[in-house]
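Take a look at the structure below.
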Amino acid sequence: MDSINAKYISQKISKTRWRPVSAASLQQPELFATGSWDNENNKVSIWSVGDHGVSNMDGEFDEEPQLLCDSQHDGDVLDLQFLDQDRLVSASSSGAVTIFKLQSDCQALSSAHVWERAHQYSCDDAPCTSVVCRSPEIVSVGEDGRVILYKADQTEVVRVIENADSSTIHAVTFLRTTEVLTVNSIGQLKMWDFRQQSDSPAQILSLTGDRVPLHCVDKHPNQQHIVATGGQDGMLCIWDVRKGNTPFSLIEAHSAEMWEVHFHPSNPNHLFTCSEDGSLLHWETTSGSDMSTLLQRGWNSRVISHSAAPQAGENDSVVSAWLAGDSSKSRLEATHMLPSQTLSVNSLDVLEQCLVCGTDGEAVYIHRQVPV
Amino acid sequence: MMEEVDVEPSPTLIPGAGFHQRHLGFEWGPGDLLVYETNYKLQGPKSAGSPFVHIVRKDEDICSPILRKLFNESHLIFVGLQKIKEDVPSKNKKTQFVSISKNYRSVIRACMEELQQNAVSAQEGTVASQYGDQVSILLAIELIWNLCEVLFIDASPAGSLLLHLLDWVRLHKSDVDSRAREVLQSESPTRHQAYWDVVISLVLQGRMDEARQVLSKQASLRAESSSVFRRMDLLLQNMPVFNPTGTQTLTEFDMKWRNWHEECDRSLQDNTFASNRHLETICKILVGDEDALLEQKELLSTWYHFLVTRLLFTHPSIKPPDLHYYAQSSMNMFLGPRASPEPLDIILLSAFEFDLHQVIKDCSIALNNWWFVAHLTDLLDHCKLLQSHNLHFGSNLREFLVLEYASGLFTHHSLWQLAVDYFDHCPEFGRVYLELQIERVPLDTERKAIKVLRICEDRQMSEQVRSICKIMAKRALRNNRLGSALSWSIRAKDAAFATLISERFLQDYSNKGFFTDLDLLDNLGPAMLLSDRLTFLGKYREFHRLYGENRFTEAARLLLSLMTAKIAPRSLWMTLLTDALPLLEQKEVIFSVDQTYELMSCLEELNSGTKEPKQTDQDDDIESTKTELLRLSLARNLAMAIVKEGTIET
């Protein structure tokens, strides 16, 4: 809790993303991007943290993030993803998908290409809810139920799947090079294979009966068949997309909408979730084995990990006994990462030991020593 | 009942309105005022009014990006304060309240610093002065808050009261520190023109150790007069300071202080310091000589500094009830008889008089935002200091002010979310306010709608939930997103709208010959039961699915039950019976004898009913052909079924 830093930035934050660091070096990330929503003028901003040479009177490094540059954004920023080190893609409530280019000295951010009204209805704009990048490919989804594939260096849209969903698609992620996974507002996961010419999903997975909207999805970084989703009821679901079409396990994580879920990119035993209920949770499996083995050993039972509405300020670890019996060696621990909870935590991103999240309370929180 | 106005309201000029003696009309909003020119004129012929509507906003601060931090951070403190349990012992509570008060103040200070930096770095003069204005408002707010903290929240008893007041003065007259630094860092401090000013300023604030330190520079230079300096040093060093945590009683302290005071007095009588007029001045200050103090007006700069200094050297163990006498007289002495005090002076004086309500009232009038009075009043109310006061409107003072503040927040395009928590903590009218306001939040995206819905659902505001879902459903319908529209009506449990959308689906089906949005229709689950038409839609689609999967027996049973259980609307029976045709034509017998009879009676029931008058002859022909075809198929099926069932039974 000590190493967490808050900064108020006078705009409600819809998205926070670390700029990727080169895989070879063991660097900690130093730059992150934020997107705002619900403002009269929304922005995409680039911030830097850490050792930028500015030290305060006591000789300590000033940990507070510094604004490097920003750019106006037409509409709410509904999603933000780095395409590579110097380009990032935004999803707008105006239906546009925009590529922003960051100058090499990080002093300016400008729009490099816009797909205006990529998502639209016949007579109105449809918000683009989510984008995902696997350079050079970009996929966007929206309230209009379309899935659109772009290439960063082509102005023409590569492919549109019309009527991919009868409801709103809330999030999208790449499973494999040609496969994406979408989640929608009636509790379904749909797998799309761009190699197939047909406009129907390769597979549909769903929560039985409940029709609880799913808001976020992330795949295990190493084992692409393992997927985590978060829903309107705050439930964390782990799926094995190879087996069955219902989730392997359900964990009551939050008491309101889960806005984002992320596996730690290099240590997937750790998982992070954030929610409308104002909390940010760090999940850790302490078995020494990774998620996949856990899956086989006991994730297929419905487990309730702990009280879903923790007291404000409560930050002690909650140990769940969801893997009782012979597999008692493995267990799941959840830790609250924010000191106080009031307004929604809309977004989080974690890279190496660094975590950044943004809230409707107009604050970004940065944790630079996440125990992973 | 009308109350007299406390101050004459100052007129606000609205550029471009109210010319040519036109009457102005207005409409109250939660934070804004809409003003327009009416057609009425005092004199001359009537003419059309101006087409403009002016939005007049009282609280401009809400739009300042820096003050947004103040609103956000204080929201967190406010929510924390509301969570303090009733059952905490009151002694512990007091420390909690004081620390909350300090948190609020530190947020104000942080904001002030940022505004200050921006004022300095602002290129434009008007922008800089705007920042400057905000800084001075925050300064005043912090000054008042701090004094209220000392007098009301901490409620210091005699002895520590003066110590706290000294801290208060030191904090708000901090330019002494920078000047002291400047002097001490100069090449020869003693020759610095501000040298004596610094020494005296430090003495006036009761910072004796620092004063001695600065004085020692001089003493070391002047060997000839060192004894005089040593004497002063001793006086300063020996000045007794009350220690609230120590074992010393107030009477003991008083005794010591009186002795010290007499010693100062003696030194003055002896002309000990006659050789150095500066030291003599200091000594006069030490004995509390009012004329000597008033000579330092410039260094004191405010009457309340004068008050605290005067108390320090005349009545260090002042009791709270005696404060108001000294406050009033200090103000009069400092400002002079003819000067008219500023609003800030009046507010501080009311605080010294322990008249809380006057403080809050005057602050409400003098300040252009509700932030300060709402938060301070809330805190004071938690300290149980405001109970006696009832308003003859609304509920009580605290709730009235919190509601005003929250309503202002709610008009802001982004800060409205903060207001929700404030409304939650207004037991009497908060809910009504929230209900009225939440429906008016513009919903640009589903994500925002979901956030608004969450607020409503958490508070069981079902009326609002329905209305928001309906807005979203209607929008989806307009954009031809039947699936989304249906999802929203299911969420709202809006049966009527679900029926309407189901009709649209069926209409689409009869136009296109196939169902759209299968991903939704195939997964309705229990939500299907929301409306009869939706149930039918779901079941009818299920029939098609079973048929598509060649599960004919189940499909047949389902189809029949749709009619016999009266789930299917009469208007669609012909379609359903037509759907039965291919099943009747299968090689295998699918409808049993009983089922066939039932189908037959459905057909006859349909035909016996009155025909719709609108039907044309051509439609009539098609209908009768269909009926004939069906009768034929049914008869054939009945025959086959009788044979089959007869065969199996034997």
Side-chain angles (χ1 to χ4, degrees), chain A residues 6 8-12 14 36-40 75-76 78 93-94 120-124 126-127 129 143-145 163-168 170 184-188 190 201 204 206 208-211 213 215 232 255-257 259 276-277 311-313 340 342-344 346 359-363, chain B residues 63-73 75-76 78-80 83 107 110-111 412-418 420-421 441-442 444-448 450-451 453-455 457-458 475-476 478-488 490-491 516-527:
Chain A
Y8 287 85
I9 66 168
S10 295
Q11 49 196 354
K12 289 197 284 196
S14 53
S36 76
W37 77 284
D38 216 14
N39 232 358
E40 276 168 335
D76 291 349
L78 291 185
S93 61
S94 71
Q120 55 170 304
Y121 305 119
S122 49
C123 52
D124 205 355
T129 52
E143 286 186 15
D144 57 354
N163 289 320
D165 210 307
S166 61
S167 317
T168 295
H170 282 143
N184 68 12
S185 64
I186 55 170
Q188 295 170 328
K190 293 184 183 177
I204 298 184
S206 67
T208 40
D210 303 345
R211 299 171 33 91
H215 288 298
Q232 177 180 287
S255 58
E257 287 81 4
W259 292 124
E276 180 73 21
D277 68 10
Q311 294 292 307
S340 58
T342 48
L343 292 173
S344 171
N346 293 326
T359 72
D360 278 344
E362 307 193 337
Chain B
C63 301
S64 149
I66 296 167
L67 289 181
R68 270 173 85 161
K69 299 179 189 190
L70 175 72
F71 302 142
N72 274 299
E73 281 196 77
H75 164 259
L76 214 61
F78 175 86
V79 173
K83 283 181 185 153
V107 173
C111 247
H412 191 270
H413 53 85
S414 177
L415 295 171
W416 60 272
Q417 271 174 300
L418 300 179
V420 176
D421 283 313
V441 175
D444 318 314
T445 63
E446 287 198 5
R447 194 170 306 171
K448 191 167 176 185
I450 289 165
K451 279 174 182 280
L453 273 178
R454 168 62 60 187
I455 290 167
E457 282 175 341
D458 283 352
R475 183 183 302 175
R478 198 178 60 228
N479 291 321
N480 230 353
R481 297 278 298 151
L482 292 185
S484 277
L486 189 56
S487 292
W488 283 110
I490 290 172
R491 180 151 183 188
T516 53
D517 301 334
L518 291 180
D519 52 349
L520 174 79
L521 294 182
D522 285 345
N523 290 287
L524 283 173

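Residue numbers begin at 1 in each chain, while the letters A, B, ... track the order of the sequences. Being a predicted model, the structure only gives us computed values, none of them experimental.
Contacts of B:R475 classified as side chain to side chain donor-acceptor pair (under 3.5 Å), with partners at least two apart in sequence or in another chain: none. Taking A:W37 as the reference, nothing meets the ring-ring contact (aromatic ring centres under 6.0 Å, His included) condition, with sequence neighbours excluded.
At a 4.5 Å heavy-atom cutoff, the contact between B:W416 and chain A is made by side-chain atoms alone. The part of A:N346 that comes within reach of chain B is its side chain, from C-beta onward, which places non-hydrogen atoms under 4.5 angstrom from that chain. Within the 4.5 angstrom heavy-atom criterion, only side-chain atoms of A:Q188, from C-beta onward, approach chain B. In this structure, no portion of A:S122 lies under 4.5 Å from any heavy atom of chain B. Contact annotation for B:L76: only side-chain heavy atoms (C-beta onward) come within less than 4.5 Å of a heavy atom of chain A. Only the side chain of B:I490 comes within contact range of chain A, with at least one heavy atom under 4.5 Å from a heavy atom of that chain. Looking at A:E257, both its backbone and its side chain come within 4.5 Å of chain B, counting heavy atoms on both sides.
One finds no salt bridge joining B:K448 and A:D76 here, because no Lys/Arg side-chain nitrogen approaches an Asp/Glu carboxylate oxygen to under 4.0 Å.
A donor-acceptor pair under 3.5 Å links the side-chain atoms of B:R454 to the main chain of A:Q232, judged by distance alone. Without hydrogens or angle criteria, B:D519 side chain to A:S166 main chain gives a donor-acceptor distance under 3.5 Å.
When each of B:E446, B:K69, B:E457, B:R478 is scored by its heavy-atom pairs under 4.5 Å with chain A, the top score falls to B:E446. Of the listed residues (B:N72, B:D421, B:D517), the greatest number of heavy-atom pairs within a distance under 4.5 Å of chain A belongs to B:N72. Contact tally against chain B (heavy-atom pairs below 4.5 Å) for A:D360, A:I186, A:D124, A:T342: the top residue is A:D360. Heavy-atom pairs under 4.5 Å with chain B were tallied for A:D144, A:I204, A:N163, A:L343; the largest tally goes to A:D144. With chain B as the partner, the residue from A:Q11, A:H215, A:E40 showing the most heavy-atom pairs under 4.5 Å is A:E40. When the candidates B:R491, B:H75, B:E73 are compared by the number of heavy-atom contacts under 4.5 Å with chain A, B:E73 comes out ahead.
Between A:R211 and B:S487, the closest heavy-atom pair is NH2-OG, 3.8 Å. Between B:R447 and A:E143 the shortest heavy-atom distance is N-OE2, 4.4 Å. Counting all heavy atoms, side chain and backbone alike, A:S344 lies closest to B:K451 at OG-NZ, 3.2 Å.
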Taking it one step at a time, do B:I450 and A:H170 satisfy side chain to side chain contact (heavy atoms under 4.5 Å, CB included)? CA-CA 12 Å; B:I450 289 165; A:H170 282 143; 4.1 Å; yes

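Within the 4.5 Å cutoff, side-chain heavy atoms of B:T445 are placed close to those of A:S93. In this structure the side chain of B:N479 reaches within 4.5 angstrom of the side chain of A:C123, judged on heavy atoms.
Atom CD1 of A:I9 sits about 9.5 Å away from atom CZ of B:R68, to the nearest 0.5 Å.
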